[in-house]
Structures are given as C-alpha cells and as structure tokens.
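Structure record follows, encoded as structure tokens.
Proteins get letters first, then strands, A, B, ... in listed order; numbering begins at 1 in each.
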Amino acid sequence: MASQKVTEWRKLPISLTELCIETTLRCGQSFRWRKINEQWHCVLKGRLISLKQDPTHLHYKVTWPTSTATPKNEHPQDFEDDTSVLLHNYFALSHSLTTLYAQWSLSDANFARRAPAFTGIRILNQDAWETLISFICSSNNNISRISQMVLKLCTHYGPYVATVEGEAFHDFPGPEALAGEGVEAHLRELGFGYRAKYIAETAGCVAQVYGERWLLRLRNPGVPALRAAEEDILVKKEEGAEEKESVESKADLDNPPTYQKAHEALLTLPGVGPKVSDCVCLMGLGWGESVPIDTHVWQIAQRDYNFGGKGSAKTKTLNKAMYVAVGDHFRKIWGPQAGWAQSVLFTANLKSFSEQAAGVEKKRVVKVEEESQEEMVTTAEVVPKPGKNKGVVVKIEESEEMAATTSVAMSRKRKTVAAEVIPKAEPDATVQTTTTRTLRSSKRIKSQV
DNA sequence: GTGGTACCTTTGAT
DNA sequence: AATCAAAGGTACC
C-alpha cells in the first residue's frame with residue numbers, strides 16, 4: 001500500500017456547464033465511481049483515477065498498481081499523457097455541451113424548462129464490455145443496488161489496483177473472468193438474482209464465441225475508443241488466429257457498423273433487450289443517436305410529449321412499436337445527439353435529484369411570476385406541466401406506421417442460426433435474419449465451444 | 001404476431 | 001408488522 005505509485009495533481013481546463021462530475025457520475029451511467037473525502041475515485045484501464053472539480057478546472061491524479069510488473073509501469077511519465085487522453089475520451093470532451101444545450105433548448109420548450117437546473121451532464125464514453133454487463137444488471141433494478149452488484153463483480157473477479165482510505169479498488173473484470181464454470185451459481189449467492197445467468201452466458205458468448213473484438217467492431221467509427229490504441233491491441237492479439245478471422249476483418253472495413261447494426265447485434269446476447277442494447281450503444285459504443293427508453297423516459301414521454309395519451313388510446317404500456325416511436329420522436333426533435341439530451345431529462349426526473357429540480361424550479365417560478373401570472377399558475381405545483389409545448393406534439397400516426405414496419409423486421413430475426421454466423425457483421429440484406437435471442441440457442445452456442 | 005406474467009432482491013411506502 | 005409496488009427489463013408462453 002505504501003508502495004503505490006501516485007502522480008501529482010494535474011488539471012484540465014473545463015467549466016461546470018461543460019462538465020459537472022457531481023451530476024454526471026451519479027446519474028446512473030457509470031456505477032463504479034465512489035466519492036471519498038470530496039474526491040471521486042474509479043479504476044479505468046488498469047489505473048486508479050481520482051477527480052475533483054472547481055469552476056474552471058477538472059483536477060485529476062493517477063495511482064498505478066505496483067505489483068503487476070508490466071513493462072509499461074517502468075515509465076510512469078508515458079501514462080500521465082495517456083491518462084489525459086483517456087479522460088478526454090471518457091468524458092467525450094470534443095463535443096461542446098453548451099452548444100448542444102442551446103440547440104436542444106431552441107427546438108424543444110420542455111428541454112429548455114428542465115435543463116437549467118441540470119447543466120454539465122454529459123454522456124460518458126465508457127468501455128463497451130463494462131457497459132454491457134452493468135446494464136444487464138440494471139434490469140428491474142435501482143441505481144443503488146446496481147452499483148453494489150458492479151462492485152461485487154470487481155472485487156470478486158477484477159484485478160486489484162489500489163486502496164483509498166481503506167477501500168479497495170479493482171478494475172472491471174474481463175469477459176474471460178466472468179465466463180468460468182461456477183460463475184452463475186456464485187453470482188446468485190452474491191444476490192444477483194436471475195441476472196446471474198444472463199451475465200455468465202453473455203460472458204461466455206463474448207469470451208468464447210463472438211470474441212472480444214466483436215464488441216469493438218460495433219463502435220461508432222467517428223468516436224475514439226477509451227484508449228486510442230485499443231483496436232490495435234486487439235488486432236495484434238488475434239493476428240495469429242485463423243485465416244477466417246482476417247477475412248472477416250477485411251469484410252468489416254467494407255461494411256462499417258451503423259447504430260442499427262450495433263443495436264441488432266447486441267440483441268443476440270442473453271439478458272439484452274432493446275433498452276439495454278441502447279444503453280450500450282449510447283454509453284459504450286459512441287452512438288449518440290441511441291435513446292434508451294426506460295420506465296423513466298417513458299413516463300417523461302407520456303407526461304411531457306403526449307405519448308400514450310388520448311390520441312393513441314390502445315397503447316398504455318410500452319410495447320415494441322411504441323419503444324421505436326418514442327425514440328424516433330426524440331431523434332427528430334433533438335437530432336444526432338438525442339441520447340445526450342435524453343440523459344439530461346432522465347436525470348432531472350430521478351428521485352435522487354428531486355431537490356435539485358425543485359430548487360431551481362422554485363427560483364424559476366418566482367421569476368416567471370414577475371412576468372406572467374398565467375404561466376405561474378401552471379408551474380407552481382410540484383410537478384410542472386408543459387406550457388408552450390404545442391410545437392412538439394407527437395404525430396402519432398406517422399410514428400405508429402414506422403414502428404409497425406420496424407416491428408415486423410424485428411420479429412423476423414427470431415430464428416435459430418448456427419453459432420458461426422452470429423459473430424460476423426452481416427451484409428445489409430440479411431441483417432434481420434441472422435440473429436437470435438432465445439436462451440436455448442445461446443446455450444447451444446455455449447455448448448458448442 | 002401481440003400482450004401478459006414470472007423472474008431475484010432490496011427498499012420505501014401504506 | 002405485514003404487505004406491496006417499484007426499481008434505468010427480458011424471456012417466455
């Protein structure tokens with residue numbers, strides 16, 4: 001412990017409206033950041049990162065593990081530069097959040113009303129594998145327990161890195177670590193419930209069938225991976241593999257992934273449905289147009305965007321068609337980074353942030369009171385309602401029509417296929433017929449390995 | 001092809 | 001005190 005290698009504090013210039021770690025790290029994107037003594041800590045890519053923030057800068061220091069005698073550890077100076085790039089990529093700092101908020105506020109009155117209390121919320125560019133497993137854990141669950149479960153995964157299966165104030169920090173375990181024999185039973189003992197099977201089976205698929213590289217190939221090519229060298233590392237790793245692999249690799253260059261393809265591909269994993277797939281696309285693969293529709297966003301869509309209301313009498317519940325319709329609507333009004341805007345409203349809707357929402361809402365009401373009494377009446381209650389929001393009323397007919405066609409396409413893919421077919425990036429024409437998501441077939445895949 | 005229901009566990013509300 | 005719904009859903013019938 002005394003032999004931990006710790007760098008000095010460094011800083012990146014950034015304003016609180018561009019990034020607010022207090023909100024971004026607590027809003028249910030990443031489940032591993034822990035706050036100790038006013039500093040945030042998390043292991044990313046083998047190193048412990050500690051963060052603190054003031055109005056003008058993000059301060060960070062790095063703690064490297066000592067015992068693991070990788071050659072890199074002998075040159076800590078290389079790592080400091082690496083960490084700066086890592087943080088830049090992790091927080092996706094190439095996007096101007098201020099500009100995005102301004103655009104969303106112009107095109108959406110509801111966003112303009114909610115966002116002022118929740119500035120600085122960014123979508124994190126996280127590791128795809130970690131995002132996948134974390135959000136498999138998230139089903140029918142709450143943020144507090146998800147965080148506990150992810151912590152258990154790390155302490156039981158991930159490599160130890162460092163200790164802060166007596167608390168051990170491990171990195172997130174790789175697919176191989178979670179693909180072992182007794183993992184499912186062990187995770188059940190640890191309180192994972194029915195998710196234990198999903199995690200073990202998905203780990204088996206990724207580690208033994210699809211290959212770890214498969215996940216990286218689903219990334220948005222325009223968004224760099226956490227470490228720029230990540231793809232190269234994986235390519236090198238598998239260079240000695242069979243010829244078939246390299247052929248696939250060439251085919252991929254001709255067929256770059258799209259959001260739709262990535263979404264479909266993830267659906268083949270056990271425990272991954274549309275919502276979890278969208279979370280991985282958005283936060284783990286760099287697809288900004290992905291909009292995960294969970295119970296909260298569905299509530300928002302009904303309350304603030306006229307979904308599931310009088311117009312569409314039948315659909316009170318969120319079915320597959322409605323899932324697509326809601327996402328399409330948000331993409332329409334928010335544009336290519338719709339998933340980023342979604343996370344702002346999502347956070348504003350969380351119970352754990354209700355004070356923050358109420359606080360600014362009160363201030364706003366006072367302001368409005370001076371200007372317009374009529375508006376004041378509608379917003380004085382605890383739950384404000386959309387006032388001048390008629391411009392974004394949903395065109396239900398159009399949405400349902402689109403959803404219907406998509407639904408047919410989605411259902412068509414529910415066919416069992418040989419395991420070898422799945423890992424490949426399919427040609428456009430056959431995308432919908434080459435995937436399966438039945439538990440039986442995923443077991444078959446595992447048993448073939 | 002849709003819509004309902006079970007699934008693990010914890011927590012907060014009645 | 002006991003019971004219940006909800007928690008960033010998915011698989012199966």
Would you say the side-chain atoms of E22(A) and W40(A) include a donor-acceptor pair closer than 3.5 Å? yes
Distance in angstrom units between D278(A) CG and dG9(C) P, rounded: 13 Å
Is there, by distance only and without an angle test, a donor paired with an acceptor across the side chain of Y194(A) and the base of dG9(C) below 3.5 Å? yes
Looking only at side-chain atoms of R145(A), point me to the closest of dT10(B), dT10(C), dG8(C). dT10(B)
Strictly below 4.0 Å: does S144(A) bring a side-chain N or O up to OP1 or OP2 of dT10(B)? no
Quick one: R26(A) CZ to dG8(C) P, roughly how many Å, whole number? 14 Å
How close or far is atom C1' of dA11(C) from atom CG of L267(A), stated in whole angstroms? 13 Å
Grab the NZ-P distance between K351(A) and dA7(C) for me, whole Å please. 7 Å
Without decimals, in angstroms, what is the distance between I146(A) CD1 and dT11(B) P? 14 Å
Find the distance N142(A):CG to dT9(B):C1' and express it as a whole number of Å. 9 Å
With R47(A), the side chain to side chain contact (heavy atoms under 4.5 Å, CB included) member among L86(A), D171(A), T63(A): L86(A)
Consider the side chain of V276(A), meaning its heavy atoms from C-beta on, and name the nucleotide among dG8(C), dT10(C), dC8(B) that approaches it most closely. dT10(C)
Of dG8(C), dT10(C), dC8(B), the nucleotide closest to the side chain of M283(A) is dG8(C)
Consider the side chain of S138(A), meaning its heavy atoms from C-beta on, and name the nucleotide among dG8(C), dT10(C), dT9(B) that approaches it most closely. dG8(C)
Can you tell whether the side chains of E167(A) and R34(A) come within less than 4.0 Å, N to carboxylate O? yes
Output the single nucleotide from dT10(C), dA7(C), dG3(B) whose closest atom is nearest the side chain of H296(A). dA7(C)
Please report the distance, rounded to the nearest Å, between NZ in K197(A) and P in dC8(B). 8 Å
Whether R188(A) contacts dC8(B) is assessed here as follows: a side-chain N or O lying under 4.0 Å from the phosphate OP1 or OP2. Is that the case? yes
Fit a plane to each ring of Y210(A) and W214(A), take the angle between them on a 0 to 90° scale, and name the class: parallel (under 30°), tilted (30 to 60°) or perpendicular (over 60°). perpendicular
Compute the centroid of each ring, for Y305(A) and then for F330(A), and state whether the two points are separated by less than 6.0 Å. yes
Protein-nucleotide distance (W298(A), atom CH2; dA6(C), atom C1'), rounded to Å: 18 Å
